[in-house]
Amino acid sequence: GMSIRLMQGVPVGDTQVWCNRGVSGIDGSTSTAMGAAAACPDRPLLLVTGDMSAAYDIGALADPSTAGNFNMLVVDNGGGDIFRRIKPTSDLPEREQFLAAMPLFPLAALADAYGFAYVRATAAECTEDMLTDILRNDKKTIIHLITDQYTAS
């Protein structure tokens, strides 16, 4: 859910937007988006997903028949940022270890291993022009969007 909340401020132009949220927000979203890209090969597809969701379903990228119109924007906020934001878990001492913990996730190396182009950007660098250029290139791409983690004041 956090990736969609964070992406509301990023311009996507005249683009059709679909959402898929599994039981915990991470169930097979990458696989589902890859299937949608294969079903509509004449249109670019941009999956917007969180870092933990991407890590959960990363094996889907191993499919060598992944369409060139498939693009994945991974919102990297350092793990389960939602747990840092919501009242029931924001002050738990165990929060970082058990709820917001992010596994080692070498996204650039994974992109290379699976034959994807890789772009790393901050929220300020992620512009409509940048996304449009990536979506037009017909090369499956992973965009690694680095965002600031929530910090309590």
Side-chain angles (χ1 to χ4, degrees), residues 1-86 90 100 102-153:
M2 280 306 300
S3 57
I4 298 303
R5 288 182 181 100
L6 291 170
M7 287 304 299
Q8 287 177 333
V10 177
V12 293
D14 185 22
T15 302
Q16 187 175 29
V17 177
W18 296 20
C19 295
N20 174 36
R21 189 163 195 272
V23 173
S24 296
I26 62 175
D27 300 343
S29 297
T30 303
S31 298
T32 300
M34 289 174 64
C40 300
D42 57 330
R43 296 174 54 189
L45 184 135
L46 176 64
L47 166 65
V48 177
T49 188
D51 48 10
M52 290 183 79
S53 298
Y56 185 84
D57 197 18
I58 199 67
L61 301 182
D63 181 352
S65 67
T66 302
N69 65 325
F70 176 80
N71 302 278
M72 181 172 170
L73 190 151
V74 179
V75 180
D76 183 347
N77 58 18
D81 197 43
I82 187 69
F83 298 110
R84 296 180 188 108
R85 294 177 182 261
I86 60 174
S90 63
M102 182 62 200
L104 177 62
F105 191 46
L107 198 49
L110 289 165
D112 184 54
Y114 293 136
F116 282 74
Y118 174 81
V119 176
R120 181 182 169 110
T122 64
E125 296 165 335
C126 189
T127 65
E128 185 174 357
D129 288 341
M130 184 193 91
L131 291 175
T132 299
D133 289 346
I134 290 169
L135 293 176
R136 285 185 183 157
N137 75 13
D138 201 34
K139 168 76 171 130
K140 57 188 184 180
T141 302
I142 294 175
I143 305 156
H144 189 176
L145 179 63
I146 307 300
T147 64
D148 294 330
Q149 287 186 2
Y150 174 76
T151 52
S153 47

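Computed from a predicted model, the values in this text were never measured in an experiment. Start at 1 with the first residue, then count along the sequence.
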Query - Donor-acceptor contact below 3.5 Å, side chain Asn69 vs main chain Leu45 - result: no

Does the side chain of [X] reach to within under 4.5 Å of the side chain of [Y], using non-hydrogen atoms?
{"X": "Ile146", "Y": "Arg120", "value": "yes"}
{"X": "Val74", "Y": "Met72", "value": "yes"}
{"X": "Ile143", "Y": "Leu131", "value": "yes"}
{"X": "Val119", "Y": "Thr141", "value": "yes"}
{"X": "Tyr56", "Y": "Asp51", "value": "no"}
{"X": "Val75", "Y": "Thr147", "value": "yes"}

[atom1]/[X] to [atom2]/[Y] distance, rounded to the nearest 0.5 angstrom?
{"X": "Leu110", "Y": "Phe105", "atom1": "CG", "atom2": "CZ", "result": "6.0 Å"}
{"X": "Leu107", "Y": "Asp76", "atom1": "CG", "atom2": "CG", "result": "8.0 Å"}
{"X": "Asp138", "Y": "Asp42", "atom1": "CG", "atom2": "CG", "result": "10.5 Å"}
{"X": "Ile58", "Y": "Ser53", "atom1": "CD1", "atom2": "OG", "result": "11.0 Å"}
{"X": "Ile142", "Y": "Phe70", "atom1": "CD1", "atom2": "CZ", "result": "7.5 Å"}
{"X": "Thr122", "Y": "Glu125", "atom1": "OG1", "atom2": "CD", "result": "3.5 Å"}

Closest contact, heavy atoms only, [X] versus [Y]:
{"X": "Ala54", "Y": "Thr49", "answer": "N-OG1, 3.8 Å"}
{"X": "Ser29", "Y": "Asp57", "answer": "N-OD2, 3.7 Å"}
{"X": "Ala111", "Y": "Tyr118", "answer": "CB-CB, 3.9 Å"}
{"X": "Ala60", "Y": "Met34", "answer": "O-CE, 3.1 Å"}

Report task. Measure from NZ or CZ of Lys140 to the centre of the six-membered ring of Phe116 and say whether it is under 6.0 Å with the direction within 45° of the ring axis. Result -> yes

Query raised in the report: Is it true that the side chains of Ser65 and Asp63 contain a donor and an acceptor less than 3.5 Å apart?
Result: yes

